[in-house]
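When reading the values below, keep in mind they use all heavy atoms of this one structure, side chains included, and skip hydrogens, waters and symmetry mates.
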Amino acid sequence: MDVKYINPFINAVKNLFNTMINVPFKLGKPSLKKGNIPEHEISGIIGLSGTVSGCVVINLSKAIALQLVSALIGDEVTELDDDCTDAIGEIANMIAGNAKTDFPSSGTSISVPSVVVGKHKVSYPSGLPIISIPCITDKGELVIEVALKNNGG
């Protein structure tokens with residue numbers, strides 16, 4: 001997997017944290033993920049198809065989800081309700097939209113993200129390595145998981 005497909009998502013997360021929600025964070029060391037069970041209970045799943053296909057998962061704990069949503073809407077959110085889930089979808093959507101502007105392949109479609117809450121598995125494309133990139137905030141860690149392949153475009 002080429003870093004030119006991963007970097008737009010990392011940059012989109014950095015941009016979101018630094019400008020939109022103003023939550024300080026630092027990137028951890030990327031690693032290969034084993035299995036399809038996310039580390040945390042909330043995932044925003046962004047699908048890609050076309051020249052580059054696969055998925056990018058923004059995986060976060062309840063504490064970080066509440067922190068991000070509170071920062072996004074400018075009011076403290078204390079419960080993971082439907083509005084909070086919608087806001088997480090919007091955060092994933094902003095990341096996807098931001099990444100698309102820097103994405104090196106014009107023949108790739110990026111889907112509207114879906115949000116999964118609770119104990120779950122992610123259907124990563126089979127046979128692809130999953131790169132896991134931790135992002136550490138003062139409320140804990142969120143993880144960007146990238147499983148993409150170039151279909152020759």
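- Under the 4.5 Å side-chain contact rule for hydrophobic residues, Phe17 and Leu66 share a cluster.
- Linking Ile, Leu, Val, Met, Phe, Trp and Tyr residues whenever their side-chain heavy atoms come within less than 4.5 Å places Leu16 and Leu72 in a single cluster.
- A donor-acceptor pair under 3.5 Å is absent between the side-chain atoms of Asn98 and the main chain of Met94, judged by distance alone.
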Start with the C-alpha gap between Gln67 and Asp138, add the side-chain angles, then the distance that decides, and say whether side chain to side chain contact (heavy atoms under 4.5 Å, CB included) holds.
-> CA-CA 10 Å; Gln67 178 188 29; Asp138 59 355; 2.7 Å; yes

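- Taking the side chain as every heavy atom from C-beta outward, Val77 and Glu79 never approach each other to under 4.5 Å.
- How far OG of Ser123 is from CD1 of Ile45: 7.5 Å, rounded to the nearest 0.5 Å.
- Under a hydrophobic clustering in which Ile, Leu, Val, Met, Phe, Trp and Tyr are joined whenever their side-chain heavy atoms come within less than 4.5 Å, directly or via other members, Val146 and Val143 fall into different clusters.
- Annotation for Lys29 and Pro134: closest pair O-CD, 3.4 Å, computed over non-hydrogen atoms.
- Here OG of Ser111 is found 7.5 Å from CD1 of Ile46. Values are rounded to the nearest 0.5 Å.
- When atom types are taken as modelled, the side chain of Lys100 and the backbone of Thr108 share a donor-acceptor pair closer than 3.5 angstrom.
- Between Ile88 atom CD1 and Leu80 atom CG the span is 5.5 Å, to the nearest 0.5 Å.
- Ile37 and Ile42 fall into different hydrophobic clusters, where Ile, Leu, Val, Met, Phe, Trp and Tyr residues are linked whenever their side-chain heavy atoms come under 4.5 Å apart, directly or through other members.
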Start with the C-alpha gap between Asn7 and Asp102, add the side-chain angles, then the distance that decides, and say whether side chain to side chain contact (heavy atoms under 4.5 Å, CB included) holds.
-> CA-CA 9 Å; Asn7 285 340; Asp102 292 336; over 6 Å; no

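- Here the closest heavy-atom approach between residue Glu41 and residue His120 is recorded as O-CE1, 3.6 Å.
- Between Gly89 and Pro113, the shortest heavy-atom distance links the atoms O-CG, 4.2 Å.
- Tyr5 and Phe103 have tilted rings, their planes meeting at an angle from 30° to 60° on a 0 to 90° scale.
- In this structure, Ser53 contributes its side chain and Gly50 its backbone to no donor-acceptor pair below 3.5 Å.
- Listed for the Ser132 side chain is no donor-acceptor partner under 3.5 Å among the backbone atoms of Lys33.
- Note that SG of Cys135 and NZ of Lys26 are 11.5 Å apart. Values are rounded to the nearest 0.5 Å.
- Between Ala99 and Ala12 the shortest heavy-atom distance is N-CB, 3.7 Å.
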So Leu128 and Leu148, side chain to side chain contact (heavy atoms under 4.5 Å, CB included) or not? Walk me through it.
-> CA-CA 7 Å; Leu128 288 183; Leu148 298 173; 5.6 Å; no

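- A donor atom on one side chain and an acceptor atom on the other are found under 3.5 Å apart for Ser43 and Asn59.
- When all heavy atoms are compared, the tightest approach of Ala96 to Ile110 is CB-CG2, 3.7 Å.
- Atom OG1 of residue Thr51 and atom CG of residue Asn151 lie 7.5 Å apart, to the nearest 0.5 angstrom.
- Taking the side-chain contact (heavy atoms from CB on, under 4.5 Å) definition, one finds that Val112 meets it with nothing, sequence neighbours left out.
- Minimum heavy-atom separation, Pro129 to Leu32: CB-CD2, 3.7 Å.
- Leu142 contributes atom CG, which lies 9.0 Å from atom CD1 of Ile136 (distance to the nearest 0.5 angstrom).
- Both Ile73 and Ile91 belong to a common hydrophobic cluster when Ile, Leu, Val, Met, Phe, Trp and Tyr are linked at side-chain heavy-atom distances under 4.5 angstrom.
- Remark: Glu141 pairs with no residue by the salt bridge (Lys or Arg N to Asp or Glu O under 4.0 Å) rule, at least two apart or across chains.
- At most 12 heavy atoms of other shown residues, nucleotides or ligands fall within 6.0 angstrom of atom CG in Asp82.
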Begin from the C-alpha positions of Tyr124 and Val57 and carry the test side chain to side chain contact (heavy atoms under 4.5 Å, CB included) through to its verdict.
-> CA-CA 9 Å; Tyr124 296 101; Val57 178; 3.9 Å; yes

